[in-house]
Amino acid sequence: MGHAMPLHDAHASPSGWPETVAPALGLLLTAGAYLLLVRRAGRRNPARRWRRWRTASFLSGCFLLALALLPPLAPQAHTDFRAHMAQHLLIGMYAPLALVLGAPATLLLRTLPTARGRQLTTVLNSRPAQVLAHPALALLLSTGSLAPLYFTPLYHATAGSPVGHWLLHAHFLLSGYLFAYVIAGPDPTPSRPGVRSRLVYLGVAIAAHAVLSQLMYGFWVEIDAPIDQVQGAAEIMYYGGDIAELLLAAALVATWRPAHRTAGARLKLPWARGERRCRAKAGSR
């Protein structure tokens, strides 16, 4: 059970300007690289321009990450557990969904030369990618990791170390991105279960978040923070998590299209139509 004590002083002492400049610079470079790919894709195929709403979605994801990683929220997260939970939701749930809907892998495939595109496609279809893209593993890494984080001393172990603090952020972002990608991502995947199966996995995530937040509200956690902060964080996790997961469910329904292709034609590649025409000509000879 938790203890009504302040957060660790080590966690309350940010490293200063590098903690602000580094994420800001990284986000600017990420957004700039995406916009550069959008420009290249438009030049390569002017008749098939990149959809503006996808660009807006990806940039919104970068903006949400900026809200989480920059002042005023970032410094508050070092001293107030409620701010930490808000930061956690932004990094691990809201920003990943916006980034995923930006379809960065599809955009990259549109800009790569044919040979490089085939190499990337091979990686996306590889066995490790199939394992990583399974909803069960994505659920375990994203939602399943919250139990050991908040119900063991792991949270304070990461909070007391600058390296551990940023590794925790990276875990939130990557695991959240993976789960959103597997559930509702428009980018190609080696194997993706049907919509009903993905809705089941999403339902499990919703139920797990509800149970964890209720246990946190009852103070069955290893968090050294005042009771009002822990209970406030539990409410943020409960209601904020529900909204994020409903948005993910809406994205799944909105982006889903019936699959009429075979398993061997899962990835919609820019050079595929040309190859099919060549095979058709060869077969007619």
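What you see is a predicted model; the values in this text were computed from it and never measured. Just so you know, these numbers use all the heavy atoms, side chains as well, and skip hydrogens, waters and symmetry mates. Positions are given from 1, in the same order as the sequence printed here.
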Would Arg192 pass as a cation-pi partner of Tyr181, given that its NZ or CZ must be under 6.0 Å from the six-membered ring centre and within 45 degrees of the axis?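 Geometry flag: set, cation within 6.0 Å and 45°.
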Counting C-beta onward and ignoring hydrogens, is there a side-chain heavy-atom pair between [X] and [Y] closer than 4.5 Å?
| X | Y | result |
| --- | --- | --- |
| Pro135 | Ser197 | no |
| Leu89 | Ile236 | yes |
| Asp187 | Pro104 | yes |
| Leu99 | Ser60 | no |
| Leu248 | Leu252 | no |
| Thr189 | Val182 | no |
| Leu65 | Leu70 | no |
| Trp166 | Glu19 | yes |

Would you call the rings of [X] and [Y] parallel, tilted or perpendicular, where under 30° means parallel and over 60° means perpendicular?
| X | Y | answer |
| --- | --- | --- |
| Tyr150 | Phe81 | perpendicular |
| Tyr201 | His134 | perpendicular |
| Tyr34 | Trp50 | perpendicular |

Residues His78, His84; criterion ring pair (Phe, Tyr, Trp, His ring centres under 6.0 Å); working and verdict: CA-CA 7 Å; His78 290 279; His84 158 81; 9.8 Å; no
So, [X] side chain and [Y] main chain: donor-acceptor pair closer than 3.5 Å or not?
| X | Y | result |
| --- | --- | --- |
| Arg48 | Ala41 | no |
| Ser57 | Trp53 | no |
| Gln87 | Ala68 | yes |
| Gln231 | Tyr217 | yes |
| Arg40 | Thr111 | no |
| Thr158 | Tyr155 | yes |

Give me the atom names and distance for the closest heavy-atom approach of [X] to [Y].
| X | Y | answer |
| --- | --- | --- |
| Pro72 | Gln76 | O-CG, 3.3 Å |
| Met237 | Leu146 | CE-CD1, 3.7 Å |
| Ala234 | Ser213 | CB-O, 3.3 Å |
| Gly241 | Met93 | O-CE, 3.8 Å |

Find the distance between [atom1] ([X]) and [atom2] ([Y]) and round it off to the nearest 0.5 Å.
| X | Y | atom1 | atom2 | result |
| --- | --- | --- | --- | --- |
| Gln119 | Arg116 | CD | CZ | 6.0 Å |
| Ser126 | Leu132 | OG | CG | 9.0 Å |
| Ile206 | Thr143 | CD1 | OG1 | 9.5 Å |

Between His209 and Gln214, do the side chains contain a donor N or O and an acceptor N or O under 3.5 Å apart? no
Ser145 and His171: side chain donor to acceptor below 3.5 Å: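 His171 and Ser145 do have a side-chain donor-acceptor pair below 3.5 Å.
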Using the side chain to side chain contact (heavy atoms under 4.5 Å, CB included) rule, take Phe179 and Val100 through it: C-alpha gap first, then chi angles, then the decisive distance, then the call. CA-CA 10 Å; Phe179 187 68; Val100 162; over 6 Å; no
